[in-house]
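Following: one structure in C-alpha coordinates, then a few remarks.
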Amino acid sequence: MGDIPEAIIKYKGVFNYDQLLTLTYNWFVDQKFEVQEDNFKQASTSPKGTYQEICWKAERKVNQFLIYKLKIDFRIWDMKPVEVIKDGTKQVVQMAKLRIIIDGDLIKDYQNIFKGSKWNELLGDLFTKFVYKMDIGAIHEDTLYYWSYKLHGKLKEFLDMEAQVNTFEGRA
Amino acid sequence: MPERDQVIDKYRIQYEGLFSVSELYKLVETWFEERNYDKREIKNVEIVKPDGKYIEIDIEPWKKISDYAKVVIHLKYIMKNITEVEIERDNLKVKLNQGILILIFDAWIETDHEGRWENKPTFFFLRTVFDKYIYKPYTMGYRSHCGAEAKALISHVKGFLNLYRHDK
(Lines give C-alpha, C1' and ligand atoms only; values in the text may rest on other atoms or scores of the structure.)
Protein backbone atom coordinates (compact mmCIF):
# COMPACT_ATOMS: atom_id res chain seq x y z
CA MET A 1 0.00 0.00 0.00
CA GLY A 2 1.24 3.46 -0.89
CA ASP A 3 0.81 6.88 0.71
CA ILE A 4 -2.95 6.70 0.21
CA PRO A 5 -5.34 3.81 0.94
CA GLU A 6 -6.16 1.51 -1.96
CA ALA A 7 -9.48 1.84 -3.79
CA ILE A 8 -10.77 -1.55 -4.90
CA ILE A 9 -13.47 -2.67 -7.34
CA LYS A 10 -14.57 -6.26 -7.79
CA TYR A 11 -17.00 -7.10 -10.55
CA LYS A 12 -18.34 -10.19 -12.23
CA GLY A 13 -20.36 -9.82 -15.39
CA VAL A 14 -20.12 -8.48 -18.93
CA PHE A 15 -18.05 -5.48 -19.96
CA ASN A 16 -16.15 -4.19 -22.97
CA TYR A 17 -12.49 -4.94 -22.32
CA ASP A 18 -11.05 -2.57 -24.96
CA GLN A 19 -13.25 0.29 -23.86
CA LEU A 20 -12.30 -0.27 -20.22
CA LEU A 21 -8.59 0.09 -20.98
CA THR A 22 -9.15 3.03 -23.34
CA LEU A 23 -11.24 4.85 -20.77
CA THR A 24 -8.57 4.38 -18.10
CA TYR A 25 -5.76 5.49 -20.39
CA ASN A 26 -7.68 8.54 -21.60
CA TRP A 27 -8.55 9.51 -18.05
CA PHE A 28 -4.88 9.55 -17.10
CA VAL A 29 -3.96 11.53 -20.21
CA ASP A 30 -6.78 14.04 -19.56
CA GLN A 31 -5.45 14.58 -16.05
CA LYS A 32 -1.97 15.16 -17.51
CA PHE A 33 -0.43 11.94 -16.25
CA GLU A 34 2.23 10.05 -18.18
CA VAL A 35 1.29 6.38 -18.40
CA GLN A 36 3.64 3.45 -18.52
CA GLU A 37 2.85 -0.25 -18.57
CA ASP A 38 4.63 -1.95 -15.71
CA ASN A 39 3.36 -5.45 -16.20
CA PHE A 40 1.30 -7.43 -18.69
CA LYS A 41 0.71 -11.11 -18.25
CA GLN A 42 -1.68 -13.41 -20.03
CA ALA A 43 -2.13 -17.03 -19.15
CA SER A 44 -3.04 -19.50 -21.88
CA THR A 45 -6.71 -19.92 -22.50
CA SER A 46 -8.34 -22.59 -20.37
CA PRO A 47 -11.91 -23.86 -20.91
CA LYS A 48 -13.00 -21.31 -18.30
CA GLY A 49 -11.39 -18.43 -20.17
CA THR A 50 -8.28 -16.25 -20.21
CA TYR A 51 -6.43 -14.85 -17.22
CA GLN A 52 -4.81 -11.43 -17.52
CA GLU A 53 -2.78 -9.14 -15.32
CA ILE A 54 -2.21 -5.55 -16.38
CA CYS A 55 -0.41 -3.01 -14.25
CA TRP A 56 -0.05 0.63 -15.25
CA LYS A 57 1.95 3.32 -13.56
CA ALA A 58 0.96 6.94 -14.16
CA GLU A 59 2.98 9.93 -13.01
CA ARG A 60 2.39 13.64 -12.99
CA LYS A 61 4.91 16.27 -11.96
CA VAL A 62 3.47 18.74 -9.47
CA ASN A 63 6.50 20.93 -8.82
CA GLN A 64 10.27 20.58 -8.54
CA PHE A 65 9.93 18.44 -5.45
CA LEU A 66 6.83 16.29 -5.89
CA ILE A 67 5.36 13.76 -8.31
CA TYR A 68 1.91 12.23 -8.03
CA LYS A 69 2.03 8.54 -8.83
CA LEU A 70 -1.06 6.44 -9.37
CA LYS A 71 -0.90 2.71 -9.95
CA ILE A 72 -3.74 0.71 -11.40
CA ASP A 73 -3.76 -3.03 -11.34
CA PHE A 74 -6.29 -5.02 -13.38
CA ARG A 75 -6.72 -8.73 -12.73
CA ILE A 76 -9.11 -10.54 -15.02
CA TRP A 77 -10.15 -14.15 -14.58
CA ASP A 78 -12.17 -16.47 -16.85
CA MET A 79 -12.50 -13.92 -19.66
CA LYS A 80 -14.60 -15.14 -22.55
CA PRO A 81 -16.15 -13.25 -25.47
CA VAL A 82 -19.94 -13.11 -25.51
CA GLU A 83 -22.43 -11.57 -27.89
CA VAL A 84 -24.92 -9.05 -26.53
CA ILE A 85 -27.48 -6.76 -28.10
CA LYS A 86 -26.93 -3.19 -27.01
CA ASP A 87 -28.95 -0.27 -28.39
CA GLY A 88 -30.37 -2.60 -31.05
CA THR A 89 -26.99 -3.74 -32.40
CA LYS A 90 -25.04 -6.93 -31.84
CA GLN A 91 -21.77 -6.41 -30.01
CA VAL A 92 -19.02 -8.70 -28.85
CA VAL A 93 -18.07 -7.97 -25.25
CA GLN A 94 -16.31 -9.91 -22.52
CA MET A 95 -17.70 -11.93 -19.66
CA ALA A 96 -15.24 -12.17 -16.78
CA LYS A 97 -14.35 -11.76 -13.14
CA LEU A 98 -12.53 -8.49 -12.67
CA ARG A 99 -10.57 -6.88 -9.85
CA ILE A 100 -9.18 -3.38 -10.06
CA ILE A 101 -6.89 -1.87 -7.42
CA ILE A 102 -5.97 1.81 -7.52
CA ASP A 103 -3.07 2.83 -5.35
CA GLY A 104 -1.12 6.05 -5.04
CA ASP A 105 2.18 7.46 -3.87
CA LEU A 106 3.79 10.83 -3.54
CA ILE A 107 7.33 10.73 -4.85
CA LYS A 108 9.32 13.27 -2.92
CA ASP A 109 12.54 14.89 -4.09
CA TYR A 110 12.55 13.14 -7.44
CA GLN A 111 15.35 15.42 -8.68
CA ASN A 112 17.59 14.54 -5.71
CA ILE A 113 17.87 18.18 -4.75
CA PHE A 114 18.49 17.26 -1.15
CA LYS A 115 21.06 14.56 -1.79
CA GLY A 116 24.82 14.55 -2.21
CA SER A 117 26.02 15.72 1.18
CA LYS A 118 25.07 15.43 4.85
CA TRP A 119 24.12 19.10 4.90
CA ASN A 120 21.76 18.64 1.95
CA GLU A 121 20.18 15.61 3.60
CA LEU A 122 19.67 17.56 6.81
CA LEU A 123 18.05 20.37 4.85
CA GLY A 124 15.87 17.81 3.08
CA ASP A 125 14.77 16.36 6.42
CA LEU A 126 13.91 19.82 7.73
CA PHE A 127 12.03 20.61 4.55
CA THR A 128 9.97 17.39 4.48
CA LYS A 129 9.32 17.13 8.20
CA PHE A 130 8.62 20.77 9.02
CA VAL A 131 8.50 23.31 6.21
CA TYR A 132 6.56 21.29 3.66
CA LYS A 133 4.87 18.78 6.00
CA MET A 134 1.46 20.49 6.06
CA ASP A 135 1.41 20.92 2.27
CA ILE A 136 2.18 17.23 1.77
CA GLY A 137 -0.38 16.00 4.29
CA ALA A 138 -3.20 18.46 3.84
CA ILE A 139 -2.98 19.35 0.16
CA HIS A 140 -1.10 16.83 -1.93
CA GLU A 141 -2.04 13.58 -0.20
CA ASP A 142 -5.69 14.65 -0.18
CA THR A 143 -5.63 15.66 -3.84
CA LEU A 144 -4.07 12.38 -4.89
CA TYR A 145 -6.47 10.47 -2.66
CA TYR A 146 -9.56 12.07 -4.17
CA TRP A 147 -8.11 11.71 -7.65
CA SER A 148 -7.87 7.98 -7.11
CA TYR A 149 -11.56 8.04 -6.09
CA LYS A 150 -12.41 10.04 -9.22
CA LEU A 151 -10.95 7.29 -11.37
CA HIS A 152 -12.61 4.69 -9.14
CA GLY A 153 -15.97 6.42 -9.76
CA LYS A 154 -15.37 6.60 -13.53
CA LEU A 155 -14.66 2.88 -13.68
CA LYS A 156 -17.74 2.01 -11.62
CA GLU A 157 -19.81 4.19 -13.93
CA PHE A 158 -18.35 2.41 -16.96
CA LEU A 159 -19.12 -1.01 -15.48
CA ASP A 160 -22.64 0.26 -14.79
CA MET A 161 -22.36 -0.66 -11.15
CA GLU A 162 -25.26 0.32 -8.95
CA ALA A 163 -23.20 2.21 -6.36
CA GLN A 164 -21.36 4.60 -8.62
CA VAL A 165 -22.05 8.11 -7.29
CA ASN A 166 -19.10 10.13 -6.08
CA THR A 167 -20.31 13.14 -4.14
CA PHE A 168 -16.74 13.83 -2.99
CA GLU A 169 -15.66 14.67 -6.55
CA GLY A 170 -15.28 18.36 -5.81
CA ARG A 171 -12.55 17.69 -3.27
CA ALA A 172 -9.93 16.62 -5.81
CA MET B 1 -1.68 1.21 16.81
CA PRO B 2 -4.23 3.85 17.72
CA GLU B 3 -6.59 3.16 20.61
CA ARG B 4 -10.06 2.19 19.44
CA ASP B 5 -13.16 2.83 21.52
CA GLN B 6 -16.22 1.12 20.04
CA VAL B 7 -19.39 3.20 20.33
CA ILE B 8 -21.86 1.43 18.01
CA ASP B 9 -21.32 -2.28 17.55
CA LYS B 10 -22.87 -4.07 14.58
CA TYR B 11 -26.22 -2.26 14.49
CA ARG B 12 -28.17 -3.99 11.79
CA ILE B 13 -30.99 -2.91 9.47
CA GLN B 14 -32.62 -5.49 7.26
CA TYR B 15 -35.05 -4.54 4.53
CA GLU B 16 -36.70 -6.42 1.74
CA GLY B 17 -38.64 -4.84 -1.07
CA LEU B 18 -38.40 -1.86 -3.35
CA PHE B 19 -35.65 0.72 -3.07
CA SER B 20 -33.07 2.39 -5.26
CA VAL B 21 -29.50 1.17 -4.77
CA SER B 22 -27.95 4.22 -6.40
CA GLU B 23 -30.16 6.63 -4.43
CA LEU B 24 -29.31 4.92 -1.15
CA TYR B 25 -25.60 5.02 -1.92
CA LYS B 26 -25.88 8.67 -2.93
CA LEU B 27 -27.82 9.54 0.22
CA VAL B 28 -25.13 8.03 2.46
CA GLU B 29 -22.27 9.60 0.46
CA THR B 30 -23.91 13.02 0.60
CA TRP B 31 -24.54 12.67 4.33
CA PHE B 32 -20.85 12.03 4.96
CA GLU B 33 -19.71 14.71 2.53
CA GLU B 34 -21.93 17.35 4.12
CA ARG B 35 -20.54 16.53 7.55
CA ASN B 36 -16.95 16.87 6.36
CA TYR B 37 -15.97 13.24 6.59
CA ASP B 38 -13.21 11.89 4.40
CA LYS B 39 -14.17 9.21 1.93
CA ARG B 40 -12.89 5.67 2.36
CA GLU B 41 -14.36 2.84 0.34
CA ILE B 42 -12.76 -0.41 1.32
CA LYS B 43 -14.67 -2.78 -0.89
CA ASN B 44 -17.11 -2.57 -3.78
CA VAL B 45 -18.16 -5.92 -5.18
CA GLU B 46 -20.84 -6.51 -7.77
CA ILE B 47 -21.67 -9.93 -9.16
CA VAL B 48 -24.30 -10.38 -11.83
CA LYS B 49 -26.21 -13.60 -11.13
CA PRO B 50 -29.22 -15.16 -12.87
CA ASP B 51 -31.51 -14.34 -9.90
CA GLY B 52 -30.28 -10.77 -9.63
CA LYS B 53 -27.17 -8.86 -8.64
CA TYR B 54 -25.20 -9.50 -5.46
CA ILE B 55 -23.61 -6.31 -4.17
CA GLU B 56 -21.29 -5.90 -1.21
CA ILE B 57 -19.90 -2.50 -0.26
CA ASP B 58 -17.74 -1.59 2.71
CA ILE B 59 -17.23 2.06 3.51
CA GLU B 60 -15.33 3.57 6.41
CA PRO B 61 -15.40 7.37 6.30
CA TRP B 62 -13.65 9.22 9.09
CA LYS B 63 -13.49 12.71 10.52
CA LYS B 64 -10.78 14.27 12.62
CA ILE B 65 -12.29 16.00 15.63
CA SER B 66 -8.95 17.05 17.07
CA ASP B 67 -5.26 16.29 16.57
CA TYR B 68 -5.74 13.49 19.06
CA ALA B 69 -9.07 11.87 18.11
CA LYS B 70 -11.10 10.92 15.08
CA VAL B 71 -14.59 9.52 14.53
CA VAL B 72 -14.86 6.51 12.25
CA ILE B 73 -18.16 5.13 10.96
CA HIS B 74 -18.07 1.80 9.22
CA LEU B 75 -21.01 0.78 7.09
CA LYS B 76 -21.36 -2.52 5.33
CA TYR B 77 -24.02 -2.95 2.66
CA ILE B 78 -25.01 -6.44 1.60
CA MET B 79 -27.58 -6.63 -1.18
CA LYS B 80 -28.94 -9.87 -2.54
CA ASN B 81 -31.12 -10.73 -5.53
CA ILE B 82 -31.19 -7.14 -6.74
CA THR B 83 -33.33 -6.82 -9.83
CA GLU B 84 -34.54 -3.81 -11.74
CA VAL B 85 -38.27 -3.06 -11.70
CA GLU B 86 -40.40 -0.31 -13.17
CA ILE B 87 -43.12 1.31 -11.09
CA GLU B 88 -45.56 4.13 -11.65
CA ARG B 89 -45.27 7.18 -9.42
CA ASP B 90 -47.46 10.23 -10.12
CA ASN B 91 -48.26 8.80 -13.55
CA LEU B 92 -44.56 8.61 -14.35
CA LYS B 93 -42.58 5.43 -14.87
CA VAL B 94 -39.69 5.16 -12.43
CA LYS B 95 -36.93 2.54 -12.40
CA LEU B 96 -36.23 1.06 -8.98
CA ASN B 97 -34.55 -2.01 -7.56
CA GLN B 98 -36.03 -4.86 -5.65
CA GLY B 99 -34.23 -7.24 -3.36
CA ILE B 100 -32.83 -7.87 0.08
CA LEU B 101 -30.78 -5.20 1.80
CA ILE B 102 -28.72 -5.66 4.95
CA LEU B 103 -26.89 -2.71 6.47
CA ILE B 104 -24.43 -3.13 9.33
CA PHE B 105 -23.24 -0.05 11.19
CA ASP B 106 -20.19 0.27 13.43
CA ALA B 107 -18.80 3.44 14.91
CA TRP B 108 -15.77 4.10 17.04
CA ILE B 109 -13.42 6.74 18.30
CA GLU B 110 -9.77 6.42 17.43
CA THR B 111 -7.45 8.27 19.77
CA ASP B 112 -3.80 9.00 19.07
CA HIS B 113 -4.41 8.20 15.40
CA GLU B 114 -1.05 9.62 14.46
CA GLY B 115 0.72 7.29 16.90
CA ARG B 116 2.55 10.11 18.64
CA TRP B 117 2.08 8.74 22.15
CA GLU B 118 3.20 5.19 21.75
CA ASN B 119 6.79 5.48 20.66
CA LYS B 120 8.13 5.08 24.17
CA PRO B 121 6.79 3.14 27.20
CA THR B 122 6.67 6.34 29.29
CA PHE B 123 4.57 8.07 26.66
CA PHE B 124 2.26 5.07 26.43
CA PHE B 125 1.82 5.01 30.21
CA LEU B 126 1.22 8.74 30.35
CA ARG B 127 -1.32 8.52 27.56
CA THR B 128 -3.35 5.91 29.41
CA VAL B 129 -3.30 7.93 32.65
CA PHE B 130 -4.16 11.06 30.69
CA ASP B 131 -7.04 9.33 28.85
CA LYS B 132 -8.51 7.70 31.94
CA TYR B 133 -8.30 10.47 34.51
CA ILE B 134 -7.42 13.89 33.16
CA TYR B 135 -8.89 13.89 29.67
CA LYS B 136 -11.98 11.84 30.58
CA PRO B 137 -14.60 14.59 30.08
CA TYR B 138 -13.24 15.20 26.57
CA THR B 139 -13.09 11.48 25.77
CA MET B 140 -16.70 11.11 26.94
CA GLY B 141 -17.61 14.08 24.75
CA TYR B 142 -15.99 12.43 21.74
CA ARG B 143 -17.90 9.22 22.49
CA SER B 144 -21.26 10.95 22.67
CA HIS B 145 -20.49 12.94 19.52
CA CYS B 146 -19.60 9.73 17.68
CA GLY B 147 -22.76 7.97 18.94
CA ALA B 148 -24.95 10.92 17.96
CA GLU B 149 -23.46 11.04 14.46
CA ALA B 150 -23.95 7.31 13.90
CA LYS B 151 -27.52 7.42 15.22
CA ALA B 152 -28.33 10.38 12.98
CA LEU B 153 -27.08 8.43 9.97
CA ILE B 154 -29.05 5.33 11.00
CA SER B 155 -32.30 7.28 11.32
CA HIS B 156 -31.59 9.08 8.04
CA VAL B 157 -31.25 5.74 6.26
CA LYS B 158 -34.31 4.30 8.02
CA GLY B 159 -36.34 7.31 6.94
CA PHE B 160 -35.17 6.86 3.37
CA LEU B 161 -36.18 3.19 3.33
CA ASN B 162 -39.54 3.97 4.94
CA LEU B 163 -40.43 6.16 1.98
CA TYR B 164 -40.23 3.17 -0.33
CA ARG B 165 -42.72 1.14 1.68
CA HIS B 166 -45.49 3.09 0.00
CA ASP B 167 -44.32 2.34 -3.57
CA LYS B 168 -46.05 -0.50 -5.31
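Quick note on labels: first sequence line is chain A, next is B, and so on, each numbered from 1.
Judged purely by atom type and a 3.5 angstrom limit, A:D3 has no side-chain atom pairing as donor or acceptor with the backbone of A:D105.
B:I47 touches chain A through backbone and side chain together, each having a heavy atom under 4.5 Å away. B:D38 touches chain A through backbone and side chain together, each having a heavy atom under 4.5 Å away. In this structure, the portions of B:F32 lying under 4.5 Å from any heavy atom of chain A include both its backbone and its side chain. Within the 4.5 angstrom heavy-atom criterion, only side-chain atoms of A:K156, from C-beta onward, approach chain B. Neither the backbone nor the side chain of B:L24 comes within contact range of chain A; no heavy atoms are under 4.5 Å apart.
The candidate from B:K39, B:E33, B:E29, B:K26 with the greatest count of non-hydrogen atom pairs under 4.5 Å with chain A is B:K39. In terms of heavy-atom pairs under 4.5 angstrom with chain A, the leader among B:V48, B:I57, B:I82, B:N44 is B:N44. Contact count against chain A (heavy-atom pairs under 4.5 Å) is highest for B:K53 among B:K53, B:E34, B:K43. Note: B:W62 leads B:Y54, B:Y77, B:W62 in heavy-atom pairs under 4.5 Å with chain A.
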Inset, instruction - Take A:E53 and A:N39 through the side-chain hydrogen bond (donor to acceptor under 3.5 Å, both in side chains) test and state the conclusion after the steps. - result: CA-CA 7 Å; A:E53 262 181 52; A:N39 179 29; 3.3 Å; yes
Inset, instruction - In sequence, state the C-alpha distance, the side-chain angles, and the governing distance for B:E41 and A:Y149, and then conclude on side-chain contact (heavy atoms from CB on, under 4.5 Å). - result: CA-CA 9 Å; B:E41 194 169 296; A:Y149 271 117; 3.6 Å; yes
Inset, instruction - Determine, stepwise, if the pair A:K71 / A:K69 fulfils side-chain contact (heavy atoms from CB on, under 4.5 Å). - result: CA-CA 7 Å; A:K71 251 172 74 180; A:K69 180 177 162 187; 4.3 Å; yes
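In this structure, the side chains of A:L159 and B:E46 stay at 4.5 Å or more apart for every pair of heavy atoms.
The pair A:K61-A:E34 does not count as a salt bridge, with every side-chain nitrogen at least 4.0 angstrom from each carboxylate oxygen. A salt bridge links A:R75 to A:D73: one of the charged nitrogens lies within less than 4.0 Å of a carboxylate oxygen.
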